[in-house]
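Down below is the structure, laid out as structure tokens.
Quick note: numbers below take in every heavy atom, side chains included, and nothing from hydrogens, waters or symmetry partners.
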Amino acid sequence: MEGPKLPLQLQPPTYGKLITVLSIDGGGIRGVIPGTILNFLESELQKLDGEEARIADYFDVIAGTSTGGLVTAMLTAPNENNRPVFAAKDITDFYLDNCPEIFPQVKNLFPNTTKMIKALTGPKYDGKYLHNLVKEKLGSTRLHQTLTNVAIPTFDIKRLQPTIFSSYEVKNNPSLDALLSDICISTSAAPTYLPAHYFDTKDSDGKVREFNLIDGGVAANNPTLIAIGEVAKQIMKRNTDYSSIEKMDYGRLMVISLGTGTAKIEEKYVANDAAKWGLLSWLTSDGSSPLIDVFSHASADMVDLHLSVIFQALHSEKNYLRIQDDSLTGVVSSVDVATKTNLEDLVKVGEGLLKKPVSRVNLDTGLNEPCDDETNEEALKRFAKILSQEKRNRDITSPRGVSAN
């Protein structure tokens with residue numbers, strides 16, 4: 001039975017009790033995993049609020065790195081009806097249909113040798129298909145037009161510092177108001193895999209700002225803290241959307257953080273092998289990039305550890321949900337083996353992850369362990385109810401909203 005119709009735009013946090021955050025990790029083709037989970041969450045929201053409900057209608061900010069940045073854009077870019085270009089259910093098909101073209105597989109007798117030679121002369125993939133696809137889907141949409149606030153990290157190799165494309169900051173810094181397609185291409189430009197991306201923007205005075213960008217995973221493969229940081233800055237700056245909130249309160253945050261899976265411990269690299277590696281082996285080994293894997297996994301895990309400590313210290317563990325599979329083995333743990341079989345296996349990983357118990361970092365060991373009888377699927381159903389009620393409360397309280405009754 002379809003639920004009552006609600007106003008689509010989420011009213012600001014100043015009219016609510018919570019600050020809602022969605023974060024999506026980087027991970028190449030493994031973006032299929034959070035895509036599968038988001039499809040489940042959106043379907044639960046639709047059961048509560050009708051078939052037109054979309055992820056962007058419920059979150060104050062959505063952050064995404066690399067492939068997560070692409071998913072973020074898909075969920076928040078407006079179509080001609082000012083609704084998201086993609087529903088969550090479309091994300092998996094997008095990956096299944098396009099990843100084999102984005103990451104074409106080498107078809108010869110010596111694939112690993114070919115990959116190594118390619119890595120010495122340039123990125124493994126030229127990125128042309130991805131660039132054209134993103135430009136086609138996102139068109140002329142700019143950062144300020146997203147249907148809810150987004151935060152997408154990149155890294156500027158000319159300035160040697162992160163550049164975060166935050167829709168919160170566009171008013172204060174118009175040079176950030178880039179085409180969403182350029183932002184997606186940049187945050188996905190993983191070193192050794194896809195080429196770095198250059199573009200520029202002009203402000204109202206005609207001043208040009210140059211961007212020389214690579215993958216956001218260099219700065220933050222798990223962008224949850226970036227999203228929270230953007231919220232904290234708005235509170236500090238007295239943004240009217242947060243006018244009733246005097247200081248940052250983690251207890252008010254409700255966070256869903258979606259990983260893209262990592263290799264099972266001791267499965268991917270071992271010290272006895274790595275001890276013999278030189279520069280070439282660290283950059284490319286068996287078609288992968290150990291150095292990038294180490295940096296991205298360490299970055300993501302440290303964010304999860306930090307947030308687990310904070311939320312447990314505040315006794316608000318139920319407000320933080322990290323869904324991650326750290327037991328991937330073989331090619332399913334790769335970022336670019338885009339065969340039909342592997343992509344379909346990633347869908348199964350996402351579906352299986354929904355059935356697994358909620359995990360939380362053991363603060364003594366640093367390992368994720370099952371923490372209670374609630375499964376990820378059950379936790380998402382609980383979050384969907386909270387998100388729906390929070391939206392209804394804001395609609396009733398805000399002078400810009402409409403009562404759901």
Side-chain angles (χ1 to χ4, degrees), residues 24-35 63-73 95 98-106 115-116 118-134 152-158 160-165 181-199 211-223 226 259-263 268-269 279-301 328 331-338 342-343 346:
I24 310 163
D25 286 12
I29 62 170
R30 299 198 309 265
V32 171
I33 296 173
T65 291
S66 194
T67 196
L70 180 58
V71 173
T72 297
Y95 276 83
N98 293 294
C99 281
E101 301 296 333
I102 297 171
F103 302 110
Q105 301 303 290
V106 176
K115 289 177 181 179
M116 187 169 292
K118 181 68 173 175
L120 289 172
T121 58
K124 289 173 67 175
Y125 309 100
D126 61 25
K128 291 180 181 178
Y129 184 89
L130 173 63
H131 296 186
N132 292 333
L133 179 66
V134 169
I152 301 176
T154 63
F155 191 86
D156 195 310
I157 55 175
K158 188 173 183 179
L160 286 181
Q161 64 180 26
T163 298
I164 299 170
F165 288 92
S181 58
D182 278 326
I183 297 171
C184 285
I185 291 168
S186 300
T187 194
S188 302
T192 77
Y193 288 95
L194 290 163
H197 188 53
Y198 170 88
F199 65 93
F211 295 91
N212 298 269
L213 304 176
I214 61 172
D215 184 12
V218 174
N221 204 50
N222 176 345
I226 286 178
T260 56
T262 62
K268 199 157 191 182
Y269 312 112
L279 178 62
L280 182 61
S281 295
W282 274 106
L283 291 177
T284 172
S285 175
D286 296 328
S288 64
S289 181
L291 199 59
I292 293 175
D293 285 346
V294 169
F295 279 123
S296 62
H297 293 170
S299 165
D301 290 345
L328 303 183
V331 295
V332 80
S333 68
S334 77
V335 299
D336 66 332
V337 179
N342 195 37
L343 290 167
L346 286 169

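- Side-chain atoms of N342 come within 3.5 Å of backbone atoms of V337 as a donor-acceptor pair (strictly under, hydrogens ignored).
- Taking CG from L70 and CG from N98, the interatomic distance works out to 9.5 Å, rounded to the nearest 0.5 Å.
- C99 and A338 make their closest contact through O-CB, 3.4 Å (heavy atoms, listed as atom of the first residue, atom of the second, distance).
- Put simply, CD1 on I33 and OG1 on T260 are 6.5 Å apart, with the number rounded to the nearest 0.5 Å.
- Shown here for D215 and P191, the closest heavy-atom pair between the two residues is CB-CD, 4.0 Å.
- In this structure, I164 and P223 have side chains that are not in contact, with every pair of non-hydrogen atoms separated by 4.5 Å or more.
- The distance from the CG atom of L194 to the NZ atom of K124 is 10.0 Å, given to the nearest 0.5 Å.
- Rounded to the nearest 0.5 Å, atoms CD1 (I29) and CG (L343) are 5.5 Å apart.
- A 4.5 Å side-chain heavy-atom check between F199 and L213 finds at least one atom pair inside the cut-off.
- N221 and T65 are not linked by any side-chain donor-acceptor pair at a separation below 3.5 angstrom, with hydrogens and angles left out of the test.
- Under a 3.5 Å cut-off, the side chain of T187 and the backbone N or O of P153 do form a donor-acceptor pair.
- Listed for the T163 side chain is no donor-acceptor partner under 3.5 Å among the backbone atoms of T154.
- Nearest heavy atom pair, residue Y95 against residue V71, reads OH-CG2, 3.4 Å.
- Of all heavy-atom pairs spanning S333 and L328, the tightest one is CB-CB, 3.8 Å.
- Residue R30 comes nearest to V332 through the heavy atom pair CD-O, 3.7 Å, listed as atom of the first residue, atom of the second, then distance.
- In terms of modelled atom types and a separation under 3.5 Å, the side chain of S66 and the main chain of G216 share no donor-acceptor contact.
- Using modelled atom types, one side-chain atom of S188 and one backbone atom of C184 make a donor-acceptor pair closer than 3.5 Å.
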task = Dump the intermediate steps for side chain to side chain contact (heavy atoms under 4.5 Å, CB included) on L160 and F155, then the final yes or no.
result = CA-CA 7 Å; L160 286 181; F155 191 86; 4.1 Å; yes
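- Between atom CG of residue D156 and atom OH of residue Y198 there is a gap of 10.5 Å, rounded to the nearest 0.5 Å.
- With values rounded to the nearest 0.5 angstrom, H197 atom NE2 is found 12.0 Å from I157 atom CD1.
- Residues Y125 and D336 have side chains that bring a donor and an acceptor to within less than 3.5 angstrom of each other.
- Between D25 and G259, the shortest heavy-atom contact is OD2-CA, 3.5 Å.
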Test side chain to side chain contact (heavy atoms under 4.5 Å, CB included) applied to E101 and L133, step by step = CA-CA 10 Å; E101 301 296 333; L133 179 66; over 6 Å; no
